[in-house]
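Read through the structure below, which is laid out as structure tokens, and then see the notes.
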2 protein chains.
Amino acid sequence: MKRSAAPSAPRDGATAPTTADLRREQLLDAAFALVAERGLEGLRTRDVAARAGVNVATLHYYFASKEDLIVGLVDLVRAKFTARPPIPAGAKPRQELSIRAHLDAAWWVFTSDPRLDSVLLELVSRSSRDPVAREAFRTLHDDWNRIVADELRAAASAGTIRSDLDPIAGARVVTSYIIGARLQLGVNPMAFVPSDVDDELERLLRPAGERQARKGGGAPTARIRTSKSR
Amino acid sequence: MKRSAAPSAPRDGATAPTTADLRREQLLDAAFALVAERGLEGLRTRDVAARAGVNVATLHYYFASKEDLIVGLVDLVRAKFTARPPIPAGAKPRQELSIRAHLDAAWWVFTSDPRLDSVLLELVSRSSRDPVAREAFRTLHDDWNRIVADELRAAASAGTIRSDLDPIAGARVVTSYIIGARLQLGVNPMAFVPSDVDDELERLLRPAGERQARKGGGAPTARIRTSKSR
DNA sequence: TGGTCCATCAACCAGTTGATTGACACAACC
DNA sequence: GGTTGTGTCAATCAACTGGTTGATGGACCA
């Protein structure tokens, strides 16, 4: 007999978590760990249930199907990704270049849970086939880019970064850089030191006046690219 | 009975392709198409064989195991990724800013086969568990970054980009940007227009003299931006 | 003409997979 | 005390999965 709809989805209010909420969380945590270890390719409902310490049937009591479990996982990953490091008590905010703080925070997220890299990639990869995941990551990217664009705007008007910058396009450069850097580091953790490359990006963003003088300083050739791309 | 070792791996010389080579290629093409459609998660040896028009046993005649097939796929994908657009007969090379040409070429690769995005991502994602794939992508990234670094060096000494740039770190910014941009576009093809963001990156790289004067500066500003993103 | 590979297939196998079922313990409620 | 709803499990199922086997036909060679 088909059971009733999935029991209470995670409640967002401040109410105390029910047994069901805890069990759901356990199952999702188990799924997260297993995807990190074996990928979605190797994800088995039995293993998830076993790691959570329950029977397969119990898993199906909380998640109608494996598909449904993965949807839950997308939400978990999104939450992990948008988490930000706790601000130490006496820390003074780094106003100078908030983009740098943003990068630091991003690296913190991935350092705080080394599994996030691969699970996130796994789900993003899946999103080309899974509309639910795609939509989730679409809004995630949109929101993220909006935030970075705002930070760029603020920094530009504060004079900490160059003013001839399109915040929207600049944000895409920054977010794409973060994603690509994580991916490269995933393949080879020793490929480079994030902060070194962050320095470089920061230098690119810095206002002209604060940049190192050009080598040899010959007559600045005012060469201007006029061609459209392609 | 265990069959002899896998028949002739793809020959690299100029010799005419044998039947075996062709069959191998057919099978890999089929696998590529299927991974694009269903991901590694949904890859079945039977389906690969069927799409290639042969029996499962024939697949196993060429590839010892599914694992082995995927290893072959990694090579195929690497070949597709490193392919570059044919240079039109009368085209004059764009010397001015070779990085822009590099970006154009990168976009061309992904436009020429829309499936590459997702298959590449799928395999990179897998590489956190698969040493063979990891090694392949590691060298791929290394080589790629080396090339971009060289291009940056050349452009810097030609004066087409700023000279206060660390080519190594700069290359990581560029390659990471490309990877991240592809990933974001994979989730949402309408997220942005690559060339718009390329413009922005190009502007960041341009020598100081050619950049728009800072706000209030009286000098004639050579602003070349033509399109607003979004 | 007979032998030897190469390439291919239909049929098969053992183990796995997602999902279901019916039963049961427990607590809350009436 | 009886009823009802929640949470859990052992056992089971049908479909699938990667991989194997023995046979078969054709090309090449002696």
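FYI, side chains are in, hydrogens and waters are out, and symmetry mates aren't considered; it's all heavy atoms of this structure. Lettering follows sequence order; numbering is per chain, from 1.
- For the OP1/OP2 pair of D:dT8 and a distance below 4.0 Å, the side-chain nitrogens and oxygens of A:Tyr61 include no atom meeting the criterion.
- The interatomic distance linking A:Ile70 (CD1) with C:dG18 (P) rounds to 9 Å, in whole Å.
- Distance CG (B:Asp21) to C1' (C:dC6): 14 Å, rounded to an integer number of Å.
- Atom CG of B:Leu69 and atom C1' of D:dG18 are 12 Å apart (whole Å).
- Of all the residues in residues 40-54 of chain B, B:Arg46, B:Gly53, B:Val54 reach under 4.0 Å from DNA chain C with at least one non-hydrogen atom.
- Atom CH2 of A:Trp107 is separated from atom CG of A:Leu185 by 7.0 Å, given to the nearest 0.5 angstrom.
- A side-chain donor-acceptor contact under 3.5 Å links B:Asp68 to the backbone of B:Ala64.
- Relative to the axis of its first five pairs, the axis of the last five pairs of the helix from C:dT1-D:dA30 to C:dC30-D:dG1 sits at 10°, rounded to 10 degrees.
- Listed by chain and number, the residues in a side-chain contact (heavy atoms from CB on, under 4.5 Å) with A:Arg38 are A:Leu34, A:Asp47 (sequence neighbours excluded).
- Between the CG atom of A:Leu59 and the C1' atom of D:dA10 there is a distance of 16 Å, rounded to whole Å.
- From A:Glu200, atom CD reaches atom CZ of A:Phe192 across 12.5 Å, with rounding to the nearest 0.5 Å.
- A donor-acceptor contact shorter than 3.5 Å links the side chain of B:Thr139 to the backbone of B:Ala136.
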Residues 48-55 of chain B, side-chain donor-acceptor partners within the protein, below 3.5 Å, at least two apart:
unit_1	atom_1	unit_2	atom_2	d
B:Arg51	NH1	B:Glu37	OE2	3.1
B:Arg51	NH2	B:Glu37	OE1	3.2
B:Arg51	NH2	B:Glu37	OE2	3.1
B:Asn55	OD1	B:Ala57	N	2.7

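- The distance from atom NE2 of B:His60 to atom C1' of D:dG18 is 6 Å, rounded to the nearest whole Å.
- Here the side chain of A:Val56 is nearest to one of D:dT8, D:dT20, C:dA19, namely C:dA19.
- Going from atom NZ of A:Lys66 over to atom C1' of C:dG18 covers 8 Å, rounded to whole Å.
- Side-chain atoms of B:Thr82 come within 3.5 Å of backbone atoms of B:Ala79 as a donor-acceptor pair (strictly under, hydrogens ignored).
- Take A:Ser128 and apply the side-chain contact (heavy atoms from CB on, under 4.5 Å) test, not counting sequence neighbours, and it matches B:Ser118.
- Interatomic distance, B:Thr45 OG1 to B:Lys66 NZ, rounded to the nearest 0.5 Å: 7.0 Å.
- Spacing between atom OH of A:Tyr62 and atom P of D:dC9 amounts to 10 Å, rounded to whole angstrom units.
- For the pair B:Arg24 CZ and C:dC6 P, the computed distance is 16 Å after rounding to whole Å.
- For the segment residues 31-39 of chain B, the set of residues with a heavy atom within less than 4.0 Å of an atom of DNA chain C is empty.
- One distance of note links CG of B:Leu201 with OG of B:Ser195; it measures 12.5 Å at 0.5 Å rounding.
- The side chain of A:Ala57 lies closest to C:dT20 when the candidates are C:dC9, C:dT20, C:dT8.
- Summary of the strand contacts: B:Thr58 and A:Asn55 both lie near DNA chain C, and taking for each the nucleotide with the nearest heavy atom, the more 5' one is attributed to B:Thr58.
- Out of D:dT6, D:dG19, C:dT8, the shortest distance to the side chain of B:Arg23 is found at C:dT8.
- For the atom pair B:Arg153 CZ and B:Asp166 CG, the distance stands at 8.5 Å (nearest 0.5 Å).
- The one candidate from B:Ile70, B:Leu69, B:Thr58 that meets the side chain to side chain contact (heavy atoms under 4.5 Å, CB included) condition with B:Phe63 is B:Leu69.
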